[in-house]
Protein chains: 2
Amino acid sequence: MASAHEQFRNLAWKCGLAATHQRQVIYEAVIATPGHHSVETVYAEVRRRTPSISLATVYNNLRLFVEHGLLREVSPHSSMLLVEGNLAPHHHLICTRCKAVQDLEVADFVNVKKLARQAPRGFDLSQPLVEVFGLCRRCSAKS
Amino acid sequence: MASAHEQFRNLAWKCGLAATHQRQVIYEAVIATPGHHSVETVYAEVRRRTPSISLATVYNNLRLFVEHGLLREVSPHSSMLLVEGNLAPHHHLICTRCKAVQDLEVADFVNVKKLARQAPRGFDLSQPLVEVFGLCRRCSAKS
DNA sequence: TTCCTGAATTATAATGATTCTCATCTAACA
DNA sequence: TGTTAGATGAGAATCATTATAATTCAGGAA
Ligand SMILES: [Mn+2]
Ligand SMILES: [Mn+2]
Ligand SMILES: [Zn+2]
Ligand SMILES: [Zn+2]
């Protein structure tokens, strides 16, 4: 099997990205540990190996890796506060590119019983609200 | 039926909130139009009736209304970038209070066929990713 | 109605995550 | 090895949101 170093060089080559030392270290910092990583934790980890790295480089490359499908962004929402007056339980459809939000009035695509069974013990799902991510018509037409 | 003014005074009284003119106008700006409202649009609308209102008051009261259940926050997730290396399709369980994210490996609580039928035409759901909101064990124990 | 008091509002400063700028550096290729 | 487009680092800038603190007001008592 190839070394982690070689694996990353391969991936970078496939994406047309220069395989810099910084990218190598950032990528490995995320891949090394399962779970969800904040920029803060990645930056802290990466600085142990490359103390001179810039925070901007971490941001730039995490975004780049997400764009190229090497990493996944956990919650690809708009980061700004949105509010609504419709209190009737309903779900949302969110475009991962333009962050547009549409209502999904009908909810029968969710099997609440199965969901409750799969959730960890103690997690309160008495009013489970669901968001589904995809690409809106306009964005999927572009790509 | 009571006037919109009286309706709001009733709701505010039930929550123990002072029924100020600003709160009245903010609440009505959201309620008047169906759909999802950003702070920017609420602020613009509200200033037409009350030009002296402060942006901080809009933020404060939108948060307050959400806390008291008069309004709903559309995507109650952490606003900071989170990234993961696990590219295998899987879903997430998010705590609306502390914003913790957990994986939901099994996905059979989603009926993809029904979902596709209910989504608007042209919406790309070829890899639908789902987030379910609830209260994690720790947070639901507190409340 | 008038007065009182704690809460609400306002203007503005502060915060904090993220992005931008640009001078310097380097990976990739010939 | 030399060239160069693209990457990096340091710090400034941005922008949404929150904190501060002085002023005003809602709501209850007299
Ligand atoms: Mn909605
Ligand atoms: Mn995950
Ligand atoms: Zn879109
Ligand atoms: Zn929680």
Side-chain angles (χ1 to χ4, degrees), chain A residues 5-6 8-29 36-44 46-68 70-71 73-83 99, chain B residues 5-6 8-29 36-44 46-47 49-68 70-71 73-83 99 101:
Chain A
H5 192 262
E6 282 308 316
F8 176 74
R9 290 184 70 86
N10 259 328
L11 284 170
W13 184 82
K14 280 185 204 160
C15 300
L17 298 174
T20 66
H21 173 69
Q22 287 88 339
R23 286 179 178 166
Q24 175 86 40
V25 176
I26 292 167
Y27 180 76
E28 284 177 10
H36 310 116
H37 303 259
S38 67
V39 175
E40 187 187 3
T41 60
V42 174
Y43 184 49
V46 145
R47 287 221 291 189
R48 290 172 43 199
R49 286 222 257 156
T50 307
S52 71
I53 200 167
S54 167
L55 180 57
T57 299
V58 175
Y59 272 101
N60 286 340
N61 288 305
L62 288 180
R63 286 236 173 274
L64 201 67
F65 293 158
V66 168
E67 276 169 25
H68 285 84
L70 271 63
L71 297 179
E73 182 177 355
V74 173
S75 282
H77 305 86
S78 155
S79 64
M80 281 182 290
L81 178 62
L82 274 190
V83 133
K99 319 301 186 193
Chain B
H5 192 260
E6 283 307 317
F8 176 74
R9 289 184 70 86
N10 258 329
L11 285 170
W13 183 83
K14 278 185 204 158
C15 300
L17 298 175
T20 67
H21 174 70
Q22 288 87 341
R23 284 179 179 165
Q24 175 86 42
V25 177
I26 292 167
Y27 179 76
E28 285 178 9
H36 310 116
H37 302 259
S38 67
V39 175
E40 187 187 4
T41 60
V42 173
Y43 184 49
V46 144
R47 287 221 292 187
R49 289 222 255 156
T50 307
S52 71
I53 201 168
S54 167
L55 179 58
T57 298
V58 175
Y59 272 101
N60 286 340
N61 288 304
L62 288 180
R63 287 236 172 277
L64 200 68
F65 293 158
V66 168
E67 275 169 24
H68 285 84
L70 272 61
L71 297 179
E73 182 177 355
V74 173
S75 285
H77 60 282
S78 156
S79 64
M80 281 183 290
L81 178 62
L82 274 188
V83 132
K99 319 302 185 191
V101 181

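Keep in mind the model is a prediction, meaning the values are calculated, not measured. Below, chains carry the letters A, B, ... as their sequence lines are ordered, and counting in each starts from 1.
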Which heavy atom in [X] sits nearest to a heavy atom in [Y], and how many Å separate them?
X	Y	value
H68(A)	C15(A)	CD2-CB, 3.6 Å
E28(B)	H5(B)	OE2-N, 3.9 Å
I26(B)	V46(B)	CA-CG2, 3.7 Å
K99(A)	P76(A)	NZ-O, 3.3 Å
E73(A)	R63(A)	OE1-NH1, 4.1 Å

So, does [X] get its side chain near the phosphate of [N], meaning an N or O under 4.0 Å from OP1 or OP2?
X	N	result
R23(B)	dT9(C)	yes
N60(B)	dT10(C)	no
R9(A)	dA28(C)	yes

- Starting from the 5' end of DNA chain C, give me the residue, L81(B) or L55(B), whose nearest nucleotide shows up first.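 Nearer the 5' end of the strand: L55(B).
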Nucleotide interval of DNA chain D bounded by contacts with chain A (heavy-atom cut-off, under 4.0 Å)
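Boundary nucleotides touching chain A, in 5' to 3' order, are dA7(D) to dT17(D).
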- Taking the side chain as every heavy atom from C-beta outward, state whether V83(A) and V42(B) have any pair of such atoms under 4.5 Å apart.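 Of all side-chain heavy-atom pairs linking V42(B) with V83(A), none is under 4.5 Å.
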(Q) With a 3.5 Å distance limit and no angle check, can you tell me whether S75(B) reaches the backbone of H77(B) through a side-chain donor-acceptor pair? (A)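 Answer holds: no.
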Looking at R23(B) and N61(B), would you say the former's side chain and the latter's main chain have a donor-acceptor pair under 3.5 Å?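 Absent.
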So which nucleotide from [options] ends up closest to the side chain of [X]?
X	options	value
Q22(B)	dT19(C), dT9(C), dA28(C)	dT9(C)
T20(B)	dT18(C), dA28(C), dA8(C)	dA8(C)
A56(A)	dT18(C), dC20(C), dA27(C)	dC20(C)

From [atom1] of [X] over to [atom2] of [N], roughly how many Å is that when rounded to an integer?
X	N	atom1	atom2	value
R63(B)	dA8(C)	CZ	C1'	18 Å
L62(B)	dT9(C)	CG	P	12 Å
H68(B)	dA7(C)	NE2	P	13 Å
N61(A)	dT18(C)	CG	P	15 Å
M80(B)	dA17(C)	CE	C1'	8 Å
H77(B)	dA17(C)	NE2	P	15 Å
Y59(B)	dA14(C)	OH	P	19 Å
F8(A)	dA27(C)	CZ	C1'	12 Å

Next on the checklist: Measuring from atom OG1 of T57(A) to atom CG of L64(A), what distance do you get when rounded to the nearest 0.5 angstrom?
Outcome noted: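 It is 11.5 Å, given to the nearest 0.5 Å.
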Do the ring planes of Y27(A) and F65(A) sit parallel (below 30°), tilted (30 to 60°) or perpendicular (above 60°)?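 The arrangement is perpendicular - the two ring planes meet at more than 60°.
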Margin query: Over the length of the helix from dT1(C)-dA30(D) to dA30(C)-dT1(D), how much do the five-pair end axes diverge, rounded to 10 degrees?
Written below: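 Roughly 30°, once rounded to the nearest ten degrees.
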Please tell me which of V39(B) and W13(B) maps to the more 5' nucleotide of DNA chain D, matching each residue to the nucleotide holding its nearest heavy atom.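 The residue mapped nearer the 5' terminus is V39(B).
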